[in-house]
Peer 1: 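To start, I am sharing the structure in question, which I have written as structure tokens.
For reference, positions follow the sequence shown, starting with 1.
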Amino acid sequence: MCPPPEGSSTPLTSRPPADPAQEFSPEERALLLRLAHQAIRATLEHSEISLVAPSAHLAEPRGAFTTLYRHGALRGCVGYVAPVASLYCTVVESARGAAFDDSRFQPVTLEEADELDVSLSILSPLKRVQPEEVEVGRHGLLVSLAGYRGLLLPQVPVEHGWDRITFLEQTCRKAGLPLSAWRTGARLEVFTAEVFGDQELK
């Protein structure tokens with residue numbers, strides 16, 4: 001079980017991010033990516049890993065998603081929008097979820113574990129907006145109505161070449177709602193994400 005965020009205070013020695021717009025340093029990025037891989041392998045090998053964050057920064061409650069690729073193809077994506085646990089724990093749990101609980105895919109096998117590329121998306125807090133405020137390329141989007149919820153990460157509309165309207169419609173589709181639900185009362189919330197992956201380290 002993940003310890004509460006205030007449970008760790010040991011400082012992590014790292015230099016500031018090279019880009020001032022980035023919150024996480026190269027050392028922190030590399031650590032979190034290794035952690036995601038370790039979480040998957042530990043589950044496959046029935047072993048344990050420490051859930052105590054090595055720094056106060058990584059112990060902060062944050063939402064995050066882990067996306068897995070194998071040979072360039074999507075292999076799983078699971079995450080948490082709300083900051084329900086420390087970022088360190090959220091990376092562990094979302095990595096395990098992406099590997100074993102994404103209903104679109106069979107669980108990852110031990111043979112596949114070394115072939116996985118990990119991408120992490122660390123989320124900002126949610127902000128409620130009007131449709132015209134949604135920015136493709138900057139915002140991720142959460143649409144909710146009558147108990148239905150759908151979320152798409154900021155990189156998704158960019159990868160597919162969608163405009164703002166298509167982004168809104170496809171997030172409604174993800175929620176299981178009519179494509180026009182964003183016009184007819186659905187709650188729209190946006191977030192930004194700092195995205196980084198294994199490809200940066202290669």
Side-chain angles (χ1 to χ4, degrees), residues 2 5 16-25 28-29 32-33 36 57-69 74-91 93-95 97-98 101-105 118-197 199-200:
C2 291
D19 181 348
Q22 296 175 349
E23 178 182 352
F24 296 91
S25 70
E28 289 173 320
R29 290 176 171 221
L32 291 172
L33 290 166
H57 189 205
L58 300 185
E60 293 175 0
R62 296 293 290 271
F65 277 71
T66 297
T67 305
L68 304 179
Y69 300 92
L74 181 66
R75 188 61 180 84
C77 181
V78 165
Y80 300 87
V81 180
V84 296
S86 73
L87 174 59
Y88 199 79
C89 285
T90 299
V91 168
E93 295 302 325
S94 62
D101 299 328
D102 189 330
S103 60
R104 298 171 295 177
F105 303 94
V118 171
S119 176
L120 298 177
S121 301
I122 314 302
L123 309 189
S124 72
L126 292 168
K127 176 185 177 183
R128 189 168 185 179
V129 296
Q130 297 301 312
E132 61 273 13
E133 297 178 272
V134 176
E135 297 181 35
V136 171
R138 179 168 183 261
H139 289 148
L141 180 61
L142 175 67
V143 173
S144 53
L145 180 68
Y148 292 88
R149 285 162 51 101
L151 177 143
L152 289 176
L153 295 171
Q155 57 268 40
V156 172
V158 176
E159 292 170 353
H160 290 277
W162 294 341
D163 60 14
R164 181 176 59 88
I165 300 301
T166 306
F167 185 26
L168 288 159
E169 291 175 343
Q170 291 301 317
T171 312
C172 291
R173 181 192 296 276
K174 184 75 178 290
L177 294 167
L179 297 186
S180 61
W182 64 273
R183 300 178 186 270
T184 57
R187 181 184 180 94
L188 306 179
E189 295 171 281
V190 296
F191 57 90
T192 57
E194 187 165 330
V195 182
F196 50 92
Q199 296 300 321
E200 294 183 11

Peer 1: Are Val118 and Leu68 packed together at the side-chain level, in the sense that at least one heavy-atom pair is separated by less than 4.5 angstrom?
Peer 2: yes
Peer 1: Give the minimum heavy-atom separation between Phe24 and Arg62, together with the two atoms involved.
Peer 2: CZ-NH1, 4.1 Å
Peer 1: Considering all heavy atoms of both residues, which atom of Ser86 and which atom of Ala59 are nearest to each other, and what is their separation?
Peer 2: CB-O, 3.3 Å
Peer 1: For the atom pair OG1 (Thr90) and CG (Leu120), what is the distance rounded to the nearest 0.5 Å?
Peer 2: 11.0 Å
Peer 1: Taking the side chain as every heavy atom from C-beta outward, state whether Glu60 and Pro83 have any pair of such atoms under 4.5 Å apart.
Peer 2: no
Peer 1: Got a second to check how far Cys89's SG is from Leu58's CG, nearest 0.5 Å?
Peer 2: 11.0 Å
Peer 1: Can you list every salt bridge (charged side-chain N to carboxylate O under 4.0 Å, His left out) pair that touches residues 74-87, not counting sequence neighbours?
Peer 2: Arg75-Glu112
Peer 1: If you compare all heavy atoms of Ala175 against all heavy atoms of Gly150, which two are closest, and at what distance to 0.1 Å?
Peer 2: CB-N, 3.3 Å
Peer 1: Where is the tightest heavy-atom contact between Tyr80 and Phe65, given as atom of each residue plus distance?
Peer 2: N-CE1, 3.8 Å
Peer 1: Listed by chain and number, what are the salt bridge (Lys or Arg N to Asp or Glu O under 4.0 Å) partners of Arg128, not counting sequence neighbours?
Peer 2: none
Peer 1: Would you name the heavy atoms of Ala64 and Ser94 that are closest together and state the gap between them?
Peer 2: O-CB, 4.2 Å
Peer 1: Of all the heavy-atom pairs spanning Ser119 and Tyr69, show the shortest one and how long it is.
Peer 2: CB-CE1, 4.1 Å
Peer 1: Quick one: are Leu168 and Pro131 in side-chain contact, heavy atoms under 4.5 Å?
Peer 2: yes
Peer 1: With side chains defined as the heavy atoms from C-beta onward, is the minimum distance between Glu28 and Glu23 less than 4.5 Å?
Peer 2: no
Peer 1: Does any pair with a residue in residues 132-155 pass salt bridge (charged side-chain N to carboxylate O under 4.0 Å, His left out), and if so which ones, sequence neighbours excluded?
Peer 2: Glu135-Arg138
Peer 1: Any donor and acceptor pair, going by atom type alone, linking the side chain of Thr192 with main-chain N or O of Ser124 inside 3.5 Å?
Peer 2: no
Peer 1: Under the rule for side chain to side chain contact (heavy atoms under 4.5 Å, CB included), what residues qualify as partners of Val78, not counting sequence neighbours?
Peer 2: Ala98, Asp102
Peer 1: Find out whether Val143 and Leu152 are in side-chain contact, i.e. whether some heavy atom of one side chain is under 4.5 Å from a heavy atom of the other.
Peer 2: no
Peer 1: Got a sec, which pairs hit side chain to side chain donor-acceptor pair (under 3.5 Å) with one end in residues 154-171, sequence neighbours left out?
Peer 2: Ser121-Gln155, Asp163-Thr166, Gln170-Arg173
Peer 1: Can you run down the salt bridge (charged side-chain N to carboxylate O under 4.0 Å, His left out) pairs that involve residues 176-190, sequence neighbours left out, and say none if there aren't any?
Peer 2: Arg187-Glu189
Peer 1: Once side-chain hydrogen bond (donor to acceptor under 3.5 Å, both in side chains) is applied, do any residues pair with Thr67, and if so which ones, sequence neighbours excluded?
Peer 2: none
Peer 1: Only pairs at least two apart or in different chains count here, so list each ring-ring contact (aromatic ring centres under 6.0 Å, His included) that has a residue in residues 171-197.
Peer 2: none
Peer 1: Against Leu142, only a single residue in Leu188, Leu123, Leu126, Val190 fulfils side-chain contact (heavy atoms from CB on, under 4.5 Å); can you say which?
Peer 2: Leu126
